[in-house]
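The next block holds one structure in the form of structure tokens; read it before the comments.
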Protein chains: 2
Amino acid sequence: MHVIKENTRQTIIDLSIKLFARSGYANVSVRDIANAVGIKPASLYYHFDNKQTLYLASIKESFSLKASVLAEVLQMQAPAEIKLKHYIYKLTELASEDESFRRLLQREMLDGDEKRMQYLAEKVFQEQFNALGMLVAEIDPDCDPHMSAISILSLVLYHLETAPIRVFLKGHKKEHDQVDYIARHVFKLLMNGLLQTSKDAL
Amino acid sequence: MHVIKENTRQTIIDLSIKLFARSGYANVSVRDIANAVGIKPASLYYHFDNKQTLYLASIKESFSLKASVLAEVLQMQAPAEIKLKHYIYKLTELASEDESFRRLLQREMLDGDEKRMQYLAEKVFQEQFNALGMLVAEIDPDCDPHMSAISILSLVLYHLETAPIRVFLKGHKKEHDQVDYIARHVFKLLMNGLLQTSKDAL
DNA sequence: AACCACCTAACTAACAGTTGTTAGGCATTT
DNA sequence: AAATGCCTAACAACTGTTAGTTAGGTGGTT
């Protein structure tokens, strides 16, 4: 019955990422995944040991793809402020266009056990996080790189996380969800604080 | 067998908040809740129509308690910068000591349907969000209040959200999870940006 | 060319356990 | 007597997972 020999394993992972990101681990059954792929539930167990393993493969796939792109920006040769601006833009862009990645990360922050957190920290985010901290330290040698790096990430990612509720809050405009607008706002805030008296960004 | 007549309904809600916050809606069974309360699953259905209703009662309870405390700070008579500093501190404190509230909010952001988002926006957060926006506008009349308000919330809340992974990231110190430290960092950043050349905060 | 063994990738059918929920009963209080 | 607050027992639906089977492709031997 199985006509063409495609890369089923990859298809399973891709669709799992989508489903897990949308509904969360507990709300996606192996039958849901099998249906999406177009095979029977039992067939999933040929490719993966169990649901947990499939989930882990999914988040690893989703997360490891992002790190490399952002690492590039941080390694480019330019003044610190320019690099920061580029980083913010790229981060906003990535997190904005790949909703699955962002939601999986959000979910992991809530439900990931210690072991998985440690894995993510050390194998996926560590390098990039350090580089970002060092970049900030270049701009202000006296700051706390850890806190400042998190602050940068928070400004970008939280804007996107809160999108579902922000659209109902007064003062919402459609620009508020556009990459350029968010990135520019964040960069300006980081440079000048709330007071935008001095030099204009971009 | 049931000895004393307490306020079971409230106990159910309190424990549900805790459980739903910790594990999420799908990962908490009505049996789990019943066990925690010390009654049989069927007895829950005397107090609540179904699981959904119980969940809704839980988040309403958890969320509505917070709004009033923060609203107070915003109504006090003081220079804008002082009010902002107090607000940041109070928000950090609240979000830090009530982990259930924070986690429920995180979960709602991921899984709340449109109707619930609208409810939360209009009935719970709207007023406070506006007040915060106006406060920021007082400090800088040219800013976008919506964006700036979210930025303030993001700086505080994301620090706390990321705690599970931050502890494994290099450069982490235990101060990074203390209310004072976070609040001071956020306020300084908002006032001066990353450059802390000028006046010192606090 | 024809046969065989083997591997791959799917299938059917069923399992034991958990889920939310309901019907009906029993005891205590008003 | 009525209402309250809990109970026991059971329900159908759904869960992750397994055992056993089958169809098609591959490579080696006759």
Tell me every residue that passes side chain to side chain contact (heavy atoms under 4.5 Å, CB included) with A:Arg107, counting only those two or more places apart in sequence or in another chain. A:Arg103, B:Leu110, B:Asp111
Could you tell me the separation between the CZ atom of B:Phe48 and the P atom of C:dT22, rounded to a whole number of Å? 15 Å
Go through D:dC6, C:dA9, C:dC11 for me and flag the one nearest to the A:Thr8 side chain. C:dA9
Would you kindly give the NZ-to-P distance between A:Lys40 and C:dT12, to the nearest whole Å? 5 Å
Residues passing the ring-ring contact (aromatic ring centres under 6.0 Å, His included) test with B:His176, sequence neighbours excluded, are A:His146, B:His172, B:Tyr181
In whole angstroms, how far is the C1' atom of D:dG5 from the CD1 atom of B:Ile39? 9 Å
Residue pairs, two or more places apart or on separate chains, that pass salt bridge (charged side-chain N to carboxylate O under 4.0 Å, His left out) and touch residues 57-78 of chain B: B:Lys66-B:Asp98
Sequence neighbours left out, cut at 3.5 Å: what donor-acceptor pairs do the side chains of residues 34-47 of chain B make with other protein atoms?
| unit_1 | atom_1 | unit_2 | atom_2 | d |
| --- | --- | --- | --- | --- |
| B:Asn35 | ND2 | B:Arg31 | O | 3.4 |
| B:Ser43 | OG | B:Lys40 | O | 3.4 |

Show me the pairs that pass salt bridge (charged side-chain N to carboxylate O under 4.0 Å, His left out) and involve residues 155-166 of chain A, at least two apart or across chains. A:Arg166-A:Asp177
Among all residues two or more places apart in sequence or in another chain, which pass the side-chain hydrogen bond (donor to acceptor under 3.5 Å, both in side chains) test with B:His185? A:Ser151
So, taking the atom named CD in B:Glu97 and the one named CG in B:Leu160, what distance separates them when rounded to the nearest 0.5 Å? 11.5 Å
Who pairs with A:Ala71 by side chain to side chain contact (heavy atoms under 4.5 Å, CB included), at least two apart in sequence or on another chain? none
Would you tabulate the side-chain donor-acceptor contacts of residues 123-138 of chain A under 3.5 Å, counting partners in other chains and residues two or more places apart, or write 'none'?
| unit_1 | atom_1 | unit_2 | atom_2 | d |
| --- | --- | --- | --- | --- |
| A:Gln126 | OE1 | B:Lys170 | N | 3.0 |
| A:Gln128 | OE1 | A:Tyr87 | OH | 3.1 |

Helix axis bend for the helix from C:dA1-D:dT30 to C:dT30-D:dA1 - C1'-based end axes, five pairs, 10° rounding: 10°
Short side-chain N/O contact from A:His47 to OP1 or OP2 of C:dA10, under 4.0 Å: yes
Contacts of type side chain to side chain contact (heavy atoms under 4.5 Å, CB included), residue A:Lys51, not counting sequence neighbours: A:Phe20, A:Tyr25, A:Val30
Protein within reach of the bases, or only the backbone? For nucleotides 9-19 of chain D, mark each nucleotide 5' to 3' as B, S or -, using heavy atoms under 4.0 Å. -B----BBBBB
Criterion side-chain contact (heavy atoms from CB on, under 4.5 Å) on B:Met191 and B:Glu81, from CA distance to verdict: CA-CA 9 Å; B:Met191 286 298 106; B:Glu81 293 196 7; 3.7 Å; yes
When you measure from every atom of DNA chain C, which of residues 15-23 of chain B have a heavy atom less than 4.0 Å away? none
Whole angstrom value for the distance that separates C1' of C:dT21 from OH of B:Tyr46: 18 Å
Atom CG of B:Leu54 to atom C1' of C:dT21: distance rounded to whole Å? 14 Å
